[in-house]
Amino acid sequence: MIRVTLPDGSAREVARGTTPADIAAAIGPGLAKAAIAARVDGELRDIMRPIEADAELALVTTRDEADALELARHDFAHVLAEAVQTLFPGTQITFGPSTDDGFYYDVMAPATRGPFTMDDLPAIEEQMRAIIRADKPLRREVMARDALITKWQNAGESFKAEWAAELPEGEELSVYWSGDDWMDMCRGPHLASTGKLDPAAFKLTRVAGAYWRGDQNNPQLSRIYGTGWLNKKQLDGHLLRLEEAAKRDHRRLGQDMDLFHLQQEAHGSVFWHPNGYLIWRELEAYMRRAIDGAGYKEVKTPQVMDARQWEQSGHWGKYRANMFVIPDEVPNVDDEGPVISGDADWMALKPMNCPAHVLIFRQGIKSYRDLPLRIYENGCCHRNEPHGALHGLMRVRQFTQDDAHIFCREDQIVEEVQAFCALADRVYKEFGFTYSIKLALRPEQRFGSDADWDKAENELRDAVVRAGLATTEFGWEELPGEGAFYAPKLEWHLTDAIGRTWQVGTIQSDRVLPERLDASYVGEDGARHRPVMLHRAIFGSYERFIGILIEHYAGRFPVWLAPVQAVVATITSEADGYAHDVTAKLKAAGIRVEADTRNEKINYKVREHSVAKVPHLLVVGMREAEEGKVAIRSLGSDGQRIMTLDEAIDMLSHEATPPDLR
RNA sequence: GCUGCUGUAGCUCAGUGGUAGAGCGCGUCAUUGGUAAUGACGAGGUCGGGAGUUCAAUCCUCCCCAGCAGCACCA
């Protein structure tokens, strides 16, 4: 007999090999029906898996949503794989986990056909439903590793065989049977049968290529994605959320609101339209006020530098594949087009600003009294990114960073990092973001001794602790192996209005580049010392940050950022004169305002400016003209507020004031 | 860069082996209307680029470019 302790503290003596399902049945028929899995000593397990020793047992029901979703999604993935193999014999299966909103399975289509496409999905979905309706029991079986490898090899499942062969020798591996005719190697757990899944709670969403084991050098498989839930209501809710997110897509809003465009002749580089560039200019002005107040000096450095400079900084060796390289020569003017002689020196567009900032530091002789020296630049960089990586404003080939480098002494690092934490905190809050901070620790491939890394990691950790931000409330987390090769880094992850996260800000300490580029200062002792260089950014890049803001605000920018802050719209042409007066006064008060005196009905104008997300619409007809008032209709509200022109100017001026100036 | 899909008017999209169509937008005219689309008329496209098959290609084939989704990449 073994002793099983339940969450309420009660214990039961049961025969060895009793299953959680047996215990649920013994407790009551309601629980027997509701229980879908079990936690045995904290580990999630099949409800039909026998308990072999004394244990703490908690039965899992669909009310334990996180566990239930995880189980269901994992099962959906198995059902997907079974369906694909049933429909397309010869397909090899590989790996199929659950995801944040569903599941996927990577399969290798049989050689007789190409990769799977979207067109295959409806039939696969139908087959999955058939498997669910058949309510096939999911049975766990333990097999010897070697027997399993042989079995996979015989079945022509080379990927599965390869994988099993990498698991420790002599280990027993579990497989799961779906009925008696299909199995997959899997650690589990699973629901008791396919019928526990809701056939209306999943949808296959897309097909994409994915490399075997995530390695570019391996064969590419077909990854079939699905979204999976416990019931149809959850699925519908999820699909609705996806639609809502799609409406916020910055590429769509960028076009609708006439903010920017991209075109193939300059792919990966943004054409900013007047409306979009107004947002940029406001952000730039905001950031200048921020860095001026925080003791930074702004600089501007060359776009193109000689390759020798990049060799010295190390970029030529490590980063050249992503650099735009240009010959320093006058092109021929023959009809055939430019020919590169091969004799010219190479130059390159800067992919980063750091070396140029070190070169500024190196001009003249710096004293310890000059430190910390904080050099800021709205630095326009070019990086030749893999074409498949480009994405709207989020990943571009030309971008402008809010980039600064702080040159300081060892003993100033913690203080500087702490000050940066405070600055970043203020900025992110003023844009309405919450955030978490993560510390990316030393990677496998790195420069420097372990002692140096201990020191560098401690400095960053220390600063965040002292800033009081290293708490779970701020999502503090340490990420082993994620640091840069020369230094650990702190990362700021923003959470936007609909709960998505974006990594933007960063600060990292660097002792490598000052060494390579021979930056030094004269210390109190009269000797030369190496400064430490802190690389830091808050927006990350203007392009990406604006993209994030568009999605965060769903295009409804706060007034201070809105490209057009107000429109004065007339009801009849008799009010045109008054409308122009109002517009002129608002302009004089610094409001970005336009007059709409077109020959259109007020309904039309209201609709158009609402769709364009103009924050305030000032409607004027003869009534307002005679009384010197305006009727303000604000975005997001149906009503109107009648007020005098002076009151309106006060209100708009206040709202149009950037948060840091209020 | 890899796999798949897509590329037709400014935008969203139909469509056909015999040199193209809608809605919105744009222009003109009428209308002066009180809070989410007034009506009529009109202009506008060498159907992403190149090559091939064909009497004939926007449509079929091949190559290239770009976009989308995912993968890989993002010191």
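In this text the structure is predicted, and so the values were computed from the model without any measurement. In what follows, chains carry the letters A, B, and so on, assigned in the order in which the sequence lines appear, proteins first and then strands, with residues in each chain numbered from 1.
On the P atoms, B/U58 is 12 Å away from B/A51, given to the nearest whole Å. Here, B/U6 and B/C64 have their C1' atoms 16 Å apart, quoted to the whole Å. B/G34 sits 39 Å from B/A9 when the P atoms are compared, rounded to a whole Å. The P atoms of B/C59 and B/C63 are separated by 16 Å, rounded to the nearest whole Å. When the C1' atom is used for both B/U8 and B/U46, the distance is 12 Å, rounded to whole Å. Spacing between B/A20 and B/C47 at atom C1', rounded to whole Å, works out to 8 Å. Taking atom P on both B/A43 and B/G23, the two are 14 Å apart, rounded to the nearest angstrom. Distance noted for atom C1' between B/C26 and B/A57: 32 Å (whole Å).
In this structure, A/E594 does not pair ionically with A/K605, as no charged nitrogen and carboxylate oxygen lie closer than 4.0 Å. Remark: A/R442 engages A/D454 in a salt bridge, criterion side-chain N to carboxylate O under 4.0 Å. A salt bridge links A/E377 with A/K350: the distance from a Lys NZ or Arg NE/NH1/NH2 to an Asp or Glu carboxylate oxygen falls below 4.0 Å. No salt bridge links A/E491 with A/K438; every basic N to acidic carboxylate O contact stays at or beyond 4.0 Å. Between A/R213 and A/D215 there is no salt bridge, since no side-chain N of the basic residue sits under 4.0 Å from a carboxylate O of the acidic one.
Rounded to an integer number of Å, the gap from A/E600 CD to B/G25 P is 9 Å. For the pair A/R383 CZ and B/C73 C1', the computed distance is 12 Å after rounding to whole Å. The distance from atom CZ of A/R223 to atom P of B/C71 is 6 Å, rounded to the nearest whole Å. Note: CG (A/N603) to C1' (B/A37) measures 8 Å, nearest angstrom. Rounded to whole angstrom, the span from the CD atom of A/E608 across to the C1' atom of B/C26 amounts to 12 Å. In this structure, OH of A/Y225 is placed 4 Å from P of B/C71, rounded to the nearest angstrom. As rounded to whole Å, 12 Å separates atom P of B/U35 from atom CG of A/D638. What separates CD of A/Q264 from C1' of B/C68 is a distance of 14 Å, to the nearest Å.
A/E385 comes within 4.0 angstrom of no nucleic acid atom, judged by non-hydrogen atoms across all strands. When heavy atoms are screened at a 4.0 angstrom cut-off, A/G214 is found touching the sugar-phosphate backbone but no base atom. A/T117 comes within contact range of the sugar-phosphate backbone alone, with a heavy-atom separation under 4.0 Å but no base atom that close. Heavy atoms of A/P386 sit under 4.0 angstrom from at least one base atom. Residue-level contact check: A/A631 touches the bases, meaning some heavy atom is under 4.0 Å from a base atom. Counting non-hydrogen atoms under 4.0 angstrom, A/M622 reaches a base of the nucleic acid.
Contact annotation: A/R251 reaches the phosphate of B/A69 (side-chain N/O to OP1 or OP2, under 4.0 Å). For B/A66, one of the phosphate oxygens OP1 or OP2 lies less than 4.0 angstrom from a side-chain nitrogen or oxygen of A/H387. Within the 4.0 Å cut-off from OP1 or OP2 of B/U12, at least one side-chain nitrogen or oxygen of A/Q255 is found. For the pair A/H391 and B/A69, the criterion of a side-chain N or O lying under 4.0 Å from OP1 or OP2 is met. Contact annotation: A/Y604 side-chain N/O to B/G25 OP1/OP2 distance is under 4.0 Å.
Listed candidates were B/G34, B/A36, B/C71. Nearest to the side chain of A/R607 is B/A36.
Looking at which nucleotide of RNA chain B each of A/N322 and A/L635 is closest to, the 5′-most match is held by A/L635. When the nearest nucleotides of RNA chain B are assigned to A/I642 and A/D119 by heavy-atom distance, the more 5′-ward of the two goes with A/D119.
Side-chain N/O atoms of A/E624 and base N/O atoms of B/G34 include a donor-acceptor pair closer than 3.5 Å. With hydrogens and angles ignored, no donor-acceptor pair under 3.5 angstrom links the side chain of A/Q216 to the base of B/C2. No N or O donor and acceptor, one from the side chain of A/R206 and one from the base of B/A69, sit under 3.5 Å apart. Between the side chain of A/R395 and the base of B/C73 there is at least one donor-acceptor pair of N/O atoms closer than 3.5 Å. Interface remark: the A/S222 side chain does not form any donor-acceptor pair with the B/U3 base, using a distance-only criterion of under 3.5 Å. For A/Y211 against B/G70, no side-chain N or O and base N or O form a donor-acceptor pair under 3.5 Å.
Pair check for B/C71 finds B/G1; Watson-Crick or G-U wobble, both atom distances under 3.5 Å. The nucleotide B/G34 finds no pairing partner, because no Watson-Crick or G-U wobble arrangement with both distances shorter than 3.5 Å includes it. Across all strands shown, B/U12 is found opposite B/A22 as a Watson-Crick or G-U wobble partner, with both distances under 3.5 Å. The pairing partner recorded for B/G39 is B/C29, the criterion being a Watson-Crick or G-U wobble arrangement whose two distances lie under 3.5 angstrom. Pair check for B/G52 finds B/C60; Watson-Crick or G-U wobble, both atom distances under 3.5 Å. In this structure B/G45 sits in no base pair that meets the Watson-Crick or G-U test at under 3.5 Å. Nucleotide B/G17 is matched to nothing when pairs are restricted to Watson-Crick or G-U wobble geometry with both distances under 3.5 angstrom.
Checking A/H250 against A/E551 by side-chain atom types alone, a donor-acceptor pair falls below 3.5 Å.
When each of A/D402, A/N378, A/T400 is paired with A/Y542, the side chain to side chain donor-acceptor pair (under 3.5 Å) condition holds for A/N378 and for no other.
Contact between A/I548 and A/V504 at its shortest, heavy atoms only, is CD1-CG1, 3.5 Å.
For A/F116 and A/F88, the ring centers sit closer than 6.0 Å to each other.
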